[in-house]
Amino acid sequence: MTTEAPKPSPAAPAAAPAPPPNTITIDGREIPFEKGDTVIKAAHRAGIDIPHYCWHPGLSVAANCRMCLVELPPPAGRPAMKLEVLKWDAAKNDYVVDTKPKLQPACQQACAPGLAVLSESSEHVADARSAVQELLLLNHPVDCPICDQAGECRLQDYWLEHQRKGKRMKQEVVHKPKAVSFGPTIVYDAERCIVCTRCVRFTEEIANDPVLSVRERGNLNEIVVSPGRELDNDYTLMTEHVCPVGALTSKDFRFKARVWFLRSARTVCQGCATGCNAYLDFDPRNNTPYRHRPRENMEVNKYWMCDDGMLSYSRAIEGRLLEALVNGAEATVEEALADAKGMLAGLAAKPDRVAIVLSAQHSLEDNWALYTLAKAYLGVTRFFVTGKPLGRGDEILMSEDKNPNTAGVLRLCESAPPRPLADLLKVADEFDAVLALGGDIEVDAKELAVLKTKKVVTIASHVGPLSRIAKIALPASSWAEVDGSYVNRQGRVQTSERALVARGSAVPGWLLVGKLGRALGFATNWKRLSELRRAMVGDGPALPSKPGSEVRA
């Protein structure tokens, strides 16, 4: 019997070659890049600093400052592109012809798999950056001692990193206009300007108000406002913020503080429901805030803030309720709580006669504390909400809702949504007492007259119509004086860090609610923020694990 030799099994198909990794190397370090990235953008994401002036991650590429030049070594077997240059020869005491590789601006050079980039490790790049820095400083005034940008100026930083030598030009510098008012908020100093055009691109691409342009050529360049116009939109302060030098200054911050004395807290803007992420810069020596500036969050505000938000820092200390009031007269917090206990005794027996007013201006913690006291201990079922009235909005950042926590209050009361304060005023006869948060209202203050005969107790950080008509007003810390959480219009829970020491007798609003509850005989025993937040778990919106982080609904 014959047998056939077994047929060889077909060879397995060869594995497809792996796609080339989306990486480039910068000074020998391999870093990933995403589709459409430029070298500087990939480096920025990886934490590698390539010096730059005109590039900004949120604006179009101009490639005009030339500070980000890098060397691109050619692949093996391909000659490098060379340029003829004149180089000083100290031995001959004259310039001689030499060659150097053609450098590329990193802000414009697209990434490609396997691209090699030399930045800090290239002698040619170091020489080029030093030359660019020297050129930018040739006509620059030496007024760092009075410049608001001193301490955070890239001209200063890059001089130390990439030049460190004096000016060789002995001629008189070019003089240009100084202290030019561009509008209600911005002053321009043309002598400090390096014409990076960040401000020009911002007004056109982000603010949609292209009123700035460049005039003249060469060392006579300067930024100007369109004839018959002013720089007067809702984002003028961002033109100053994107300026890398001291050419544009804010009239609000001008000559007020030195940045090296300031400390920064990660905050959430209180100006509207957008909830822009921000830094509050304050001087701990006098417990005073000096400016608000954007903090990058690509999901909320990207790199920007509006003028209203950047100027809202002043509300942290202005218009404050700093002492307790009993029938309009100042009292200690303990005295006010004792009077509140006497006035509100017996509320648990008549929960249907009590109205609770939550505040879209106050934090989740403050609102949760009052909501819990009312619902879990007093048995109250009717809730209302108030805050600032609606205002102007736009399609960039500004929301018509001028309260930072409207969504938080609504989520807190999901089972029975709170009604507007106007509805409470219509049925005021049905209530004997009102427990409220905040001082702001969205209705005319005259309409509160119907509450003057009621037992009104409010816990507020600012003086307002509610605090004025209240029998008892307790002073709460402002948003800048306490850690707090807010839910923005996207449903994101975001935390804001404490920056300032509380003024006057103010303490956190949730702490005052706890004290009031204990005075009334209830076990509202949260005395620390950590205790309160543990109590909130499972009973309120999820909170971020740390300030500056966020939770999406």
Side-chain angles (χ1 to χ4, degrees), residues 321 324-362 366-387 409 412-413 415-460 463-476 509-510 512-524:
L321 176 66
L325 300 176
V326 177
N327 294 319
E330 279 194 13
T332 65
V333 171
E334 290 72 23
E335 291 169 344
L337 286 170
D339 285 358
K341 175 183 176 182
M343 188 172 69
L344 302 177
L347 285 183
K350 300 185 292 181
D352 59 323
R353 302 293 295 177
V354 180
I356 301 297
V357 180
L358 303 174
S359 174
Q361 281 284 309
H362 277 247
D366 291 355
N367 281 286
W368 181 87
L370 182 57
Y371 180 79
T372 301
L373 171 62
K375 188 174 182 180
Y377 294 100
L378 295 175
V380 176
T381 58
R382 290 195 280 181
F383 293 85
F384 302 86
V385 61
T386 188
V409 174
L412 193 61
C413 306
S415 57
R419 294 154 60 191
L421 180 65
D423 289 357
L424 167 61
L425 303 181
K426 293 175 184 176
V427 294
D429 291 341
E430 299 178 13
F431 301 102
D432 296 326
V434 177
L435 290 181
L437 266 181
D440 295 307
I441 58 173
E442 78 278 14
V443 299
D444 193 306
K446 295 177 182 178
E447 298 181 38
L448 291 181
V450 296
L451 298 181
K452 286 187 176 180
T453 59
K454 311 297 179 183
K455 300 173 181 178
V456 179
V457 176
T458 186
I459 296 170
V463 175
L466 264 178
S467 64
R468 292 190 185 98
I469 63 104
K471 296 289 191 295
I472 297 173
L474 297 169
W510 55 264
L512 289 170
V513 174
K515 288 184 176 182
L516 179 60
R518 292 192 294 276
L520 295 173
F522 303 118
T524 51

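We number each residue from 1, following the sequence as shown.
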Expected list for residues 416-427: side-chain donor-acceptor pairs under 3.5 angstrom, two or more places apart:
none

Residues which pass side chain to side chain donor-acceptor pair (under 3.5 Å) with R353, listed by chain and number, not counting sequence neighbours: D432

Distance-minimising heavy-atom pair for P351 and A349: CD-C, 3.4 Å

Side-chain donor-acceptor distances from residues 447-457 under 3.5 Å, at least two apart:
| residue | atom | partner | partner atom | Å |
| --- | --- | --- | --- | --- |
| K454 | NZ | A428 | O | 3.3 |
| K454 | NZ | F431 | O | 3.1 |
| K455 | NZ | M343 | O | 3.3 |

Results of side chain to side chain contact (heavy atoms under 4.5 Å, CB included) for L337 - residues two or more places apart only: V333, L474, K515, L516

Spacing of CG belonging to L358 relative to OH belonging to Y371, to within rounding of 0.5 Å: 8.5 Å

Non-neighbouring partners of D352 that pass salt bridge (charged side-chain N to carboxylate O under 4.0 Å, His left out), sequence neighbours left out: none

Gap between atom CG of L378 and atom CG of L347 - 0.5 Å precision: 6.0 Å

Considering all heavy atoms, the nearest A336-I472 contact: O-CD1, 3.7 Å

A523: partners by side chain to side chain contact (heavy atoms under 4.5 Å, CB included), with sequence neighbours left out: Y377, N525

Pair listing, salt bridge (charged side-chain N to carboxylate O under 4.0 Å, His left out) test, anchored in residues 377-387, at least two apart: R382-E430

With sequence neighbours excluded, residues passing side chain to side chain donor-acceptor pair (under 3.5 Å) with D366: H362

Any pair counted as side chain to side chain donor-acceptor pair (under 3.5 Å), so long as it reaches residues 433-444, sequence neighbours left out: R315-D440, T386-E442

Backbone of W368 reached by a side-chain donor or acceptor of T372 within 3.5 Å: yes

Contacts of type side chain to side chain contact (heavy atoms under 4.5 Å, CB included), residue A460, not counting sequence neighbours: L321, T458

Nearest atoms (heavy-atom pairs only) where L344 meets A433: CD2-CB, 4.1 Å

Nearest-0.5 Å distance that lies between atom OG1 in T524 and atom CG in L370: 11.0 Å

Inter-residue atom distance N367.CG - Q361.CD, 0.5 Å rounding: 10.5 Å

Backbone of G387 reached by a side-chain donor or acceptor of S359 within 3.5 Å: no

Any pair counted as side chain to side chain donor-acceptor pair (under 3.5 Å), so long as it reaches residues 324-335, sequence neighbours left out: T332-E335

Approximate separation, where rounding is to 0.5 Å, of F384 CZ and L437 CG: 15.0 Å

